[in-house]
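For the numbers below, each heavy atom of this structure counts, side chains included, while hydrogens, waters and symmetry mates do not. In what follows, chains are A, B, ... by sequence order, proteins preceding strands, each numbered from 1. None of these values were measured; they are calculated from a predicted model.
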Amino acid sequence: MEQWILKVALDTPLHTVFDYRWRQASGEAPPEIGQLVMVSFGRRDTMGLIVELATHSELPPDKLKDALELRRQLPPLSRQWLDLCAFAADYYQRPLGEVALPGLPKNLRAIKPTALDKALKALDKTPKPVAVRKTRKKAKAAVLADNASASVAPCAESPEAMAAPVHAAGLAAEAEDSAHAPDSTEHASGSELYFGVAPQLNPAQQDAADAIAEARGFTPLLLYGVTGSGKTEVYLQAAARILLRDLDPASGKLPPAQILILVPEINLTPQLEGNIRARFPNLEVVSLHSGLAEGERTRGWLAAHTGQARIVLGTRLAILASLPHLKLIVIDEEHDPSYKQQEGLRYSARDLAVWRAHQLSIPVVLGSATPSLETWQHAQAGRYRRLELRQRAAAQAVLPKVRVLDMERDKPNDGLTSTLVAAMRKRLERGEQSLLFLNRRGYAPVLACDACGWISNCPRCTAFMVLHKPERRLRCHHCSLELYIPKGCPTCGNIDLQPLGRGTQRVEEGLAAIFPEARVLRIDADSTRLKGSAQSAFDSVHRGEVDILIGTQMVAKGHDFKRLTLVGVLNPDTALFSHDYRASERLFAQLMQVAGRAGRAGPSEEGNPSEVLIQTRYPHHPLYGAVTRHDYDGFAGTLLDERRQAFLPPFMYQALLRAEARELDIALAFLQDAAHCLEHGGITINEPIPMTMTRVANVERAQLLIECESRPALQSFLKDWMQILRQMKTRARWSLEVDPVDI
DNA sequence: AGCACGCCGACT
DNA sequence: GTCGGCGTGCTC
């Protein structure tokens, strides 16, 4: 009987791995790094991940517990995947277990392995790719199927396995195995079996697809293309070439390769997923996002982990999926803020994607019409290769004409200027669709009393309660508190309370009055609360059942509305004067994106071009000028100059220490202590300040900004600093965010 | 983070 | 007499 010490990572905030004893019965395979293991931890049983094997422990033997059970049926997670988690844990200053374990499907971590066993069995029986035609192709499909399922075997059984190196060897052997496909006399390419009919690329798209497909080694590429320029088609054709690279023309045997495509939102995946499935009819495509049911998620994750899934489409969480044969990563709309996780492990999926591509020496494509300044700066400096699509892909489609409407000259009624109303009326007459974009849900952001000056403050937050008229409630968007709309003013009894400002509900109400005959649909987080209702709302827009669409940023992204020829932007001005230096970058991207919803199919039948009308009180603001000219380059250049002069990212690296407590002083005192507890040459530690929204749900919050020109220097400081902070005694709750996005 | 233990206030 | 408040201490 042999005895092992397993070093196990657990999902706990404790920054350590835990030692467990494992007694290996004779004839039994040894444990392996990357295996999941059930252990007793404190008073409960939980799933851990073996990150290291040893023969003895530093701990006194009476403190060691026996591990309970190895999850042998699951092929171990690879060393590369563990390295990815370890990097993320290190970079974001979180324990390894907190990075590695929560991303795994719950079924893998369940105490009873029944669901896992079931999923593994189902995976084995997945309908194999079916050949479209008979004879030779059928044979190819069969070979493909064999190849796919074969990838499970070497790790799953691993009878000869001996700890870490063996697993890597297993993968290597597998790769080699597929390279040694049997020879044959036939020389057809076989690729048509896997890649459906694809549109002809225009020359710029072709160059981009070539550059991606021909890239060797770590190659970050920025695919910079205006909305509607056909970036997706470039991804798909490049993906096809990479998947089919080294396809054995004789056997039709597909080499093991996987492609990861990330998109910002779940909303957008069904449409894209359909396109991808149609294009790759005989390849397994899975999607990974938080909206999946547990069973689906387990199945998809396993298909990725075993290499069976060739294309994985997902949201940010998919960047932490196990993908043993990853050959290309695509980040669509790379500038999108939702790639940054905003709670728990605050990682940037885009940054991890670049790291992962570097680790694997593969290309990574960052696609956007309005790249993040970080990415743009990398491209300017030549670190990322820039690929450019200047024209819209649909032959006749041109960029919409953008105009700025001065609200001082053309006073709005019900929030709409007469010019915008006239433009909408024209669309109604022509049977075309209009989209109004207003990034503020609810009826009105505040309810106020004219008589005594009362306003609808949230009792628990430093924020207003928003009037929601259809629901007949006041709602706090920060703590979710809901109150009935008071009949009269709570302080003076005045019956006549006034809604101030305008949200989507109020605009919807106004539209009904102006255009009684029009079919108006509102799409925002409130109208799409129920599962599937967002999808059905978008479907009805696509079917032409809607004349006027009013919505928040939900409507700005990705959707391809064929009959939409007018976009109206209401009240974007607040972002112009925000204290967040990223606000204008975000507003510009948002305006370009929503503008891109118009005229994707080309000019209307009568040849009328599409229009984007922006209502503003600052018609001469340079940001709007840049949007009007569709001038990302110029605007980005200006912003980068400003950032360089102000010593802001991407020319500076930042981290944010946040603290919260029932009383602000406790949070501030902690930050004050933190600021002075360690020598920090070369690092700027700013003054602790209360957050703009000081109180949320009766908790007061403050923060401390740390800056450094050198990323490694910042990293090494943070590492030492966190160690000291963890030992500090405080009543404040605190957390660190590396590379914060909103400050 | 869980999940315990532990010592003080209002209820059947 | 008990239910339960959250302070503090530990987890291989």
Side-chain angles (χ1 to χ4, degrees), chain A residues 2-24 30-71 82 85-86 88-90 92-106 108-112 163-164 290 317 320 341-347 460 657-663 665-667 669-670 673 696-701 722-738:
Chain A
E2 243 180 305
Q3 182 170 294
W4 299 87
I5 298 300
L6 315 179
K7 305 265 178 188
V8 178
L10 297 170
D11 182 12
T12 144
L14 300 169
H15 286 249
T16 176
V17 291
F18 296 86
D19 290 2
Y20 285 88
R21 208 187 292 109
W22 178 257
R23 300 176 212 269
Q24 181 188 333
E32 286 182 65
I33 289 178
Q35 269 176 339
L36 293 183
V37 61
M38 183 61 68
V39 295
S40 150
F41 184 63
R43 253 140 286 245
R44 65 190 203 278
D45 292 352
T46 185
M47 193 62 85
L49 176 68
I50 303 179
V51 294
E52 214 183 310
L53 293 172
T55 47
H56 75 280
S57 171
E58 304 291 308
L59 249 78
D62 59 308
K63 282 206 135 188
L64 276 181
K65 284 182 181 175
D66 278 350
L68 303 175
E69 194 185 342
L70 289 174
R71 274 287 170 276
L82 286 170
C85 294
D90 220 49
Y92 294 109
Q93 310 292 334
R94 306 296 326 171
L96 176 57
E98 230 182 44
V99 178
L101 288 155
L104 303 177
K106 289 209 176 64
L108 305 203
R109 302 163 56 201
I111 295 179
K112 295 273 169 204
S290 58
L317 62 86
L320 289 172
Q341 170 104 33
Q342 283 301 2
E343 56 202 15
L345 175 74
R346 295 176 170 243
Y347 64 95
R460 310 198 305 199
L657 183 64
R658 291 181 223 268
E660 55 178 53
R662 288 307 269 273
E663 292 122 62
D665 286 349
I666 295 172
F670 165 76
D673 292 348
V696 168
N698 282 333
V699 176
E700 316 232 276
R701 311 159 331 145
M722 288 300 105
Q723 237 154 50
I724 298 170
L725 261 49
R726 275 178 217 125
Q727 279 153 31
M728 244 155 86
K729 250 176 98 74
T730 173
R731 288 173 57 211
R733 270 180 114 53
W734 60 272
S735 65
L736 182 80
E737 175 163 7
V738 182

First-last contacting nucleotides on DNA chain B - partner chain A, under 4.0 angstrom, heavy atom:
dA1(B) to dA4(B)
Which residues satisfy the salt bridge (Lys or Arg N to Asp or Glu O under 4.0 Å) test with Arg346(A), sequence neighbours excluded?
Glu737(A)
Using a heavy-atom cut-off of under 4.0 Å over every strand shown, decide if Arg733(A) touches base, sugar-phosphate, or nothing.
sugar-phosphate
Residues two or more places apart in sequence or in another chain: which of them pass salt bridge (Lys or Arg N to Asp or Glu O under 4.0 Å) with Arg701(A)?
none
Pairs flagged by salt bridge (Lys or Arg N to Asp or Glu O under 4.0 Å) wherever residues 3-19 of chain A is involved - sequence neighbours left out
Lys7(A)-Asp19(A), Asp11(A)-Arg109(A)
Sequence neighbours excluded, which residues qualify as salt bridge (Lys or Arg N to Asp or Glu O under 4.0 Å) partners of Asp66(A)?
Arg21(A), Arg23(A)
Under 4.0 Å between any heavy atoms, over every strand shown, what does Ser40(A) touch: base, sugar-phosphate, or nothing? Just pick one.
sugar-phosphate
Considering heavy-atom distances to DNA chain C, does Lys729(A) or Asp19(A) have its closest nucleotide positioned more toward the 5' end?
Lys729(A)
How would you list, by chain and number, every residue that makes a side chain to side chain contact (heavy atoms under 4.5 Å, CB included) with Pro95(A), sequence neighbours excluded?
His15(A), Glu98(A)
How is Phe41(A) classified with respect to the nucleic acid when contacts are heavy atoms under 4.0 Å: base, sugar-phosphate, or nothing?
base
So Arg21(A), base contact, sugar-phosphate only, or nothing? Heavy-atom distance under 4.0 Å.
nothing
Output all residues satisfying salt bridge (Lys or Arg N to Asp or Glu O under 4.0 Å) with Glu2(A), sequence neighbours left out; order by chain, then residue number.
none
For Leu14(A), which contact category applies under a 4.0 Å heavy-atom criterion: base, sugar-phosphate, or nothing?
base
Residues in side chain to side chain contact (heavy atoms under 4.5 Å, CB included) with Leu82(A), at least two apart?
Ile33(A), Leu49(A), Val51(A)
Nucleotide range of DNA chain C lying under 4.0 Å from chain A heavy atoms
dT11(C) to dC12(C)
